[in-house]
Amino acid sequence: MSLGTLTCVALGELERAVMAQLWSADGPLTVRDVHDRLERELAYTTVMTVLGRLAKKGLVRQERDGKAYRYAAASSREQMAAEVMIDALGDVGEDRTAALVAFVDRVGPEEADALRRALDTPPQGMPRSPES
Amino acid sequence: MASVWLTGLALVLAGPVPALLARARWPRAVPRAAIVLWQAVAAAAVLAAVGSALAAPEALLRVLTHPRERTGFPLLIAVGVAAVLAGLIVVRLFGVLVLLAVRTRMRRARHRDMVDLLARAEQNDAVGSLRAGTVLRVLDGAVPFAYCVPGRVGREGRVVVTGATLDTLGPDELSAVIAHEQAHLDARHDLVREGFTALHKAFPVVARSREARDAVALLLEMLADDAGRRRHGDDAMAGALDAFASRGGEGTEHDDVLLRRDRIRAHVQGGRALSVGIYLAAVALVVVPTITIVIPWLTDALQGLRPL
Ligand SMILES: [Zn+2]
């Protein structure tokens, strides 16, 4: 299937699946590695395009390794979760309102800390990502 | 004379008026009208400040010089100084606004990307009450928590909730929370908020811009609460706020959530007359100074520019 026929939702779902592979890998992966790890019928070029998109968004690091590129997640899943929360909750201080990102309906800074801690250490026995 | 009036008006609109308005309780009964009034106060304050910057050099020239000297070079200087003063205010405000808008949109785009990747896939369709054009994302998290990320034009906004929100809130409460976030997105509350944030960043000290920003933020929350109440009832909205508040700590944000909950429980609701009165006041704030001060001054100033 070509990328042009994919809907946005499907593309988003693919990005999540690819990212899950990068997160669970021990080191940087080539497009071929990611393609092989994904247990579904996908064109090699589709995987390459998805990795390219993620790299363009700054979510994936692209490293040259001889002739091929290797890809790694720019941050771990836990780091990303923390970044999202800090972004949403706002920094404590002058610029702290969530106006930059969103409207947050929640409570005080202690809770924010608790939330960050909760997100930093995912409960044992939980899969690292919904896809895996 | 116009210069004195405009300076006075700018000072009153930047100082005592926002201070009083931020402390008043009646805006809570009519959040929509109150937000419009805040916007009118801000617009009138900026206009008056620009007007006084434009008028002051010419007024100074009048005081210092004889009528016959008020032509040629001195007048040119006065006009130049006026243009620079007024330009400083305008450029500062718009510069800050543009920078804020660009940074905000970049951060939001990244935030949307990250939320999309982190969301629990199987629960993204868990709640069916979202309108088309909005996507619900459920994140891991042990604390009930909900927010929205506005989308770009033509793109989808995100309503984000934690797993704990789904576990803690009843179905009606959850629907009310989502209706609340949806109201923020539909009515582009973020743009209103951005305006006041820019005003505060541009003029952090001179004016009571922080009070304005915070008061408007709270009124926007109340406006969104009212959307949730209309669709899912007072009990659902107040119950959700109660759940958010009871799991939390201290701080002004916590107090604000309690304030919003109590406002709903007390059925604070303003009459039509109050709203209409506020809207009229808002229009008057912008129109009356323009007609009574600026137009006569402009006519006068233009006559002064005519060769003798
Ligand atoms: Zn809100």
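The chains referred to below are lettered A, B, ... by the order of the sequence lines, with proteins before strands, and numbering in each begins at 1. Reckoned from all heavy atoms, side chains included, excluding hydrogens, waters and symmetry mates.
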**OP:** Can you establish whether the number of heavy atoms outside B:Phe94 located under 6.0 Å from its atom CZ is more than 12?
**Re:**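 No, CZ of B:Phe94 has 12 or fewer neighbouring heavy atoms, counting only those of other groups under 6.0 Å.
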Original post:
Would one find more than 12 heavy atoms of other residues, nucleotides or ligands at under 6.0 Å from atom CG of B:Asp235?
Top reply: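 12 or below, so no.
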**OP:** Can you tell which part of A:Met19 gets under 4.5 Å to a heavy atom of chain B, answering side chain, backbone, both or neither?
**Re:**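 For A:Met19, the side chain is the part near chain B, not the backbone.
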With rounding to the nearest 0.5 Å, note down the distance linking [atom1] in [X] to [atom2] in [Y].
{"X": "A:Trp23", "Y": "B:Leu118", "atom1": "CH2", "atom2": "CG", "answer": "5.0 Å"}
{"X": "A:Arg77", "Y": "B:Met114", "atom1": "CZ", "atom2": "CE", "answer": "12.5 Å"}
{"X": "B:Arg110", "Y": "A:Glu83", "atom1": "CZ", "atom2": "CD", "answer": "4.5 Å"}

**OP:** Flag the pair B:Asp116 / A:Arg16 as yes when at least one side-chain heavy-atom distance between them is below 4.5 Å, and no otherwise.
**Re:**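 Of all side-chain heavy-atom pairs linking A:Arg16 with B:Asp116, none is under 4.5 Å.
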**OP:** Spell out the residues in residues 66-75 of chain A that have some non-hydrogen atom less than 4.5 Å away from a non-hydrogen atom of chain B, in order of number; otherwise answer 'none'.
**Re:**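 So far as heavy atoms go, nothing in residues 66-75 of chain A approaches chain B to under 4.5 Å.
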Original post:
Using a heavy-atom distance cut-off of less than 4.5 Å, which residues of residues 54-61 of chain A contact chain B?
Top reply: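 Checking residues 54-61 of chain A against chain B gives A:Leu54, A:Lys57, A:Gly58, A:Leu59.
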